[in-house]
Amino acid sequence: MDGTMVKNVALMLTIGIGVMTLRCSLIDDTGGDTDEPDGADGADGDADGDSDGDGDGDGDGDGDGDGDGDGDSEFQFQQVASGYYHTCGIKLDQSVLCWGDNGDGQSEPQPNEEWTQITAGRSHTCGLKLNQTIDCWGSNEFGQLDQPDGNSFIQISAGKLHSCGLTEEGSVTCWGANEFNQSSPPDEETFTFVAAGETHSCGLIEDGAMVCWGDNSWGQLNVPQDVQFTQLAAGPGHTCGITTEEAIRCWGLDMDITDAPAGNDFVQIAVDGSFTKNSAIYTNCALKRDGKWICWGYLDDTPPEGNQFSEISGGVFHQCGVTKAHRVVCWGEDEAGATVTPSDSPFYRVSSRLRYPGACGLRQNGKIECWGHVRDPSDRFPTSNNRFIDLAIGETHGCAVKDNQTVICWGDDFDGQASPPADDGFQRVFVAATHSCGLKESGQAVCWGEDGLGQSTAPTDVEFTDLSLGEKNTCGVTTEGELRCWGRNDYEQSTPPVGNDFIDVASGQVHGCALKKDGTIVRWGTAPWDQVDPPSGDGFVQISTGGERTTALHSSGRITWWSPGQLSPEPADSDVVKIDGGEMVCGLKEGGRIACWDFTLDPSPYIESRMSAVLVQ
């Protein structure tokens with residue numbers, strides 16, 4: 001078989017312990033888009049196969065094909081790869097997004113690259129770029145990142161601790177762990193496809209025969225004779241393939257042939273797993289021609305109902321698939337958030353940096369994602385498998401409340417601002433540049449960090465419902481609706497107005513603002529350069545400040561901001577429910593989406609649910 005034929009076959013199939021990909025052209029896309037020309041589907045001429053004329057195949061009229069009517073393609077994928085405890089996908093724009101475990105950097109692909117294939121191992125990930133070169137990231141303990149150069153590759157597959165790539169000429173090159181010769185393929189064969197397992201690898205040759213190499217302790221190399229295959233998958237101690245009759249054959253540890261589902265309509269197979277002593281914890285899933293899955297083995301979970309898939313991928317304890325609407329759906333055990341795709345869990349809290357474009361959002365699944373101006377996550381964020389209930393980020397550090405109500409902080413700690421007490425019982429956390437505070441269930445405020453002006457010495461004779469940290473002072477709303485401030489007071493920023501009808505407070509650099517029950521805003525502080533008063537009128541529901549800028553959220557969802565010499569001419573948005581920020585303001589929108597505005601550049605949406613983010617475990 002010449003190199004052109006090898007390339008055409010291999011580009012349709014990508015498989016291994018981390019990723020199994022089947023191009024949609026091999027699947028009968030019933031009820032959706034086909035490869036027919038415009039006009040072939042009926043009167044509408046949009047070629048999506050549904051006769052509604054919207055061009056997306058789902059009938060919602062937004063043109064994005066996801067069926068939700070919002071026109072958003074941010075989370076639409078063309079491929080997915082499931083590793084041990086992380087998942088990566090290639091989006092429609094050919095960028096890669098990863099989520100789940102990132103302890104070895106396996107969820108941090110190179111930015112600004114275009115990818116054609118993705119595959120994930122135990123703690124490493126490899127991608128095939130548009131220029132047919134390979135790049136790998138994550139753990140390199142066994143050389144799994146030592147990808148070859150000098151060749152043009154057309155397909156890749158990652159095993160547990162090794163990976164293999166198929167060149168245009170049909171040769172296979174492997175790298176990484178090789179204690180069982182799993183990275184030593186035969187050099188006399190011309191391959192059309194390769195799959196890397198845990199300690200063995202297999203490839204298809206041009207006549208449909210399968211060749212395997214590596215560990216054979218459980219018979220995983222004992223390929224059935226006189227059978228031609230169109231697809232294969234290598235697991236921890238077994239191998240499976242789809243025959244030319246679209247039937248499934250499996251062999252190896254605990255893989256009697258009768259375990260495979262009957263039928264002759266399978267187009268893709270995904271097998272994975274891990275070893276426990278002398279037995280395998282394996283999971284097998286097969287994709288049928290109608291887009292439905294069948295799973296069997298350790299995780300014989302039924303995939304979510306109501307989805308038609310175009311591609312499947314099996315991890316060790318979780319499975320993922322790309323639907324025909326280009327959405328990723330995962331299920332199984334949620335170690336490190338590997339099954340929670342970026343669009344699945346809405347945000348319920350957002351925190352913006354004080355002075356630089358950057359923010360973090362807390363999802364309802366307890367995961368934190370950060371974007372914008374952030375440092376290397378390896379020395380900045382916690383890496384254990386935590387679930388969080390609150391977070392706040394400052395200029396160079398951040399803090400979060402874990403689900404056990406203890407506080408964890410990261411980043412700069414030169415004043416102790418990232419060294420919280422070991423207490424529990426916290427519900428909320430707040431940060432400024434050099435000090436931090438937490439609010440307990442009891443209403444007690446506890447602060448740590450710089451205390452030169454008393455900003456970290458919270459009163460002990462009062463209970464609070466809310467706190468806000470200024471540059472060198474702290475203010476809070478008491479359970480009686482009164483304001484209490486402590487710390488720096490040279491511009492009377494810690495001398496709030498009296499009264500017992502306050503519900504929210506915001507402390508700035510040398511000023512403070514508070515929201516009253518009637519929806520009006522009051523301001524205090526006497527800095528001579530800060531002459532802009534809050535907007536008049538009622539209906540405001542939240543305020544936020546950072547540095548010299550203050551932002552107010554109206555009950556209508558509009559955002560109004562003001563700073564020295566400036567008042568926003570027009571509200572920034574119309575469907576925001578919560579806000580946070582200073583120079584960069586972020587708003588939590590209906591449905592759990594996030595939009596941010598960098599007012600130093602332009603008071604227009606700067607970023608909305610951007611997922612080129614760092615996942616905080």
Asker: Rounded to the nearest 0.5 Å, what's the gap from CD on Gln231 to CD1 on Ile242? Could you check?
Answerer: 4.5 Å

Asker: Taking only residues two or more places apart in sequence, or in another chain, which ones meet Asn131 in a side chain to side chain donor-acceptor pair (under 3.5 Å)?
Answerer: Thr133

Asker: Leu232 versus Leu204: any side-chain heavy-atom pair under 4.5 Å?
Answerer: yes

Asker: Hey, does Thr87 have a side-chain heavy atom less than 4.5 Å from the side chain of Val80?
Answerer: yes

Asker: Not counting sequence neighbours, which residues clear side chain to side chain contact (heavy atoms under 4.5 Å, CB included) with Asp93? List them please.
Answerer: Lys91, Ser95

Asker: One pair to check against side chain to side chain contact (heavy atoms under 4.5 Å, CB included): Asp390 and Arg349. What are the steps and the verdict?
Answerer: CA-CA 7 Å; Asp390 192 46; Arg349 194 174 301 283; 2.5 Å; yes

Asker: Side-chain contact, heavy-atom cut-off 4.5 Å: Pro185 with Ser201?
Answerer: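 No; the side chains remain at least 4.5 Å from each other.
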
Asker: Supply the atom-to-atom distance Ser351 OG to Leu391 CG, rounded to the nearest 0.5 angstrom.
Answerer: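 Between Ser351 OG and Leu391 CG, I get 5.0 Å after rounding to 0.5 Å.
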
Asker: Could you go through the side chain to side chain contact (heavy atoms under 4.5 Å, CB included) check for Gln79 and Val322 one step at a time?
Answerer: CA-CA 7 Å; Gln79 291 183 30; Val322 177; 5.6 Å; no

Asker: Supply the atom-to-atom distance Leu161 CG to Arg122 CZ, rounded to the nearest 0.5 angstrom.
Answerer: 4.5 Å

Asker: Is there a side-chain contact between Phe77 and His326, using heavy atoms and a 4.5 Å cut-off?
Answerer: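 The answer is no, as the side chains (C-beta and beyond) never meet within the 4.5 Å cut-off.
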
Asker: Ser157 side chain to Ala196 main-chain N or O, any donor-acceptor pair under 3.5 Å?
Answerer: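 Side chain of Ser157 to backbone of Ala196, a donor-acceptor pair under 3.5 Å: yes, one is there.
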
Asker: Can you measure from OG1 (Thr190) to CD (Glu206) and round to the nearest 0.5 angstrom?
Answerer: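 Between Thr190 OG1 and Glu206 CD, I get 5.5 Å after rounding to 0.5 Å.
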
Asker: Donor-acceptor pair, distance only, cut-off 3.5 Å: does the side chain of Thr116 make one with the backbone of Leu130?
Answerer: no

Asker: What are the two closest heavy atoms between Ala120 and Ala81, and how far apart are they?
Answerer: N-CB, 3.9 Å

Asker: Show the nearest heavy-atom pair for residues Gly165 and Val194, with the distance to one decimal.
Answerer: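 In this case the closest contact between Gly165 and Val194 is C-CG1, 4.4 Å.
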
Asker: Test Lys160 against Tyr84 for side chain to side chain contact (heavy atoms under 4.5 Å, CB included), laying out the working first.
Answerer: CA-CA 8 Å; Lys160 178 181 179 181; Tyr84 268 45; 3.4 Å; yes

Asker: Among all residues two or more places apart in sequence or in another chain, which pass the side chain to side chain contact (heavy atoms under 4.5 Å, CB included) test with Ser171?
Answerer: Thr167

Asker: Would you say the side chain of Val329 lies within less than 4.5 Å of the side chain of Thr323, judging by non-hydrogen atoms?
Answerer: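 They are in contact (side-chain heavy atoms under 4.5 Å apart), so the answer is yes.
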
Asker: For Ile368 versus Cys360, what's the shortest heavy-atom pair and its separation?
Answerer: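 Closest pair (atom of Ile368, atom of Cys360, distance): CG2-CB, 4.0 Å.
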
Asker: Got a donor-acceptor contact below 3.5 angstrom from the Thr396 side chain to the Asp412 backbone?
Answerer: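 Not a single qualifying donor-acceptor pair exists.
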
Asker: Who pairs with Asn140 by side chain to side chain contact (heavy atoms under 4.5 Å, CB included), at least two apart in sequence or on another chain?
Answerer: Gln144, Leu145, Asp146

Asker: Hey, what do you get for OH (Tyr85) to OG (Ser107), rounding to the nearest 0.5 Å?
Answerer: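 The OG atom of Ser107 is 13.5 Å from OH of Tyr85, to the nearest 0.5 Å.
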
Asker: Going by heavy atoms in the side chains, are Ile269 and Ile248 under 4.5 Å from each other?
Answerer: yes

Asker: Quick one: do Lys578 and Ser544 satisfy side chain to side chain contact (heavy atoms under 4.5 Å, CB included)? Show the steps, please.
Answerer: CA-CA 10 Å; Lys578 289 182 182 179; Ser544 177; over 6 Å; no

Asker: By salt bridge (Lys or Arg N to Asp or Glu O under 4.0 Å), which residues pair with Asp104, not counting sequence neighbours?
Answerer: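 Checked Asp104 against salt bridge (Lys or Arg N to Asp or Glu O under 4.0 Å); zero matches.
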
Asker: Using 0.5 Å steps for rounding, measure from the CD atom of Gln94 to the CD atom of Gln117.
Answerer: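 Taking CD in Gln94 and CD in Gln117, the distance rounds to 11.5 Å.
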
Asker: Could you tell me which non-hydrogen atom of Val172 sits nearest to which non-hydrogen atom of Cys164, and how far apart they are?
Answerer: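 Closest heavy-atom pair between Val172 and Cys164: CG1-CB, 4.2 Å.
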
Asker: Are side-chain heavy atoms of Trp175 and Pro148 found at a separation under 4.5 Å?
Answerer: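 Side-chain contact under 4.5 Å: yes.
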
Asker: What heavy-atom pair brings Trp137 and Ile118 nearest, and what distance separates the two atoms?
Answerer: CH2-CD1, 3.7 Å

Asker: Is there any ring-ring contact (aromatic ring centres under 6.0 Å, His included) pair reaching into residues 143-165, and which pairs are they, with sequence neighbours excluded?
Answerer: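 For residues 143-165: none.
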
Asker: Output all residues satisfying ring pair (Phe, Tyr, Trp, His ring centres under 6.0 Å) with Phe142, sequence neighbours left out; order by chain, then residue number.
Answerer: none

Asker: Checking Glu113 now: which residues fulfil side chain to side chain contact (heavy atoms under 4.5 Å, CB included) with it, not counting sequence neighbours?
Answerer: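 For Glu113, the residues satisfying side chain to side chain contact (heavy atoms under 4.5 Å, CB included) (neighbours in sequence not counted) are Gln110, Trp115, Lys129.
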
Asker: What are the two closest heavy atoms between Phe193 and Leu166, and how far apart are they?
Answerer: N-CD2, 3.7 Å

Asker: Could you list the residues that satisfy side chain to side chain donor-acceptor pair (under 3.5 Å) with Glu246, not counting sequence neighbours?
Answerer: Arg289

Asker: If you measure only the distance, is there a donor-acceptor pair under 3.5 Å linking the side chains of Ser123 and His86?
Answerer: no

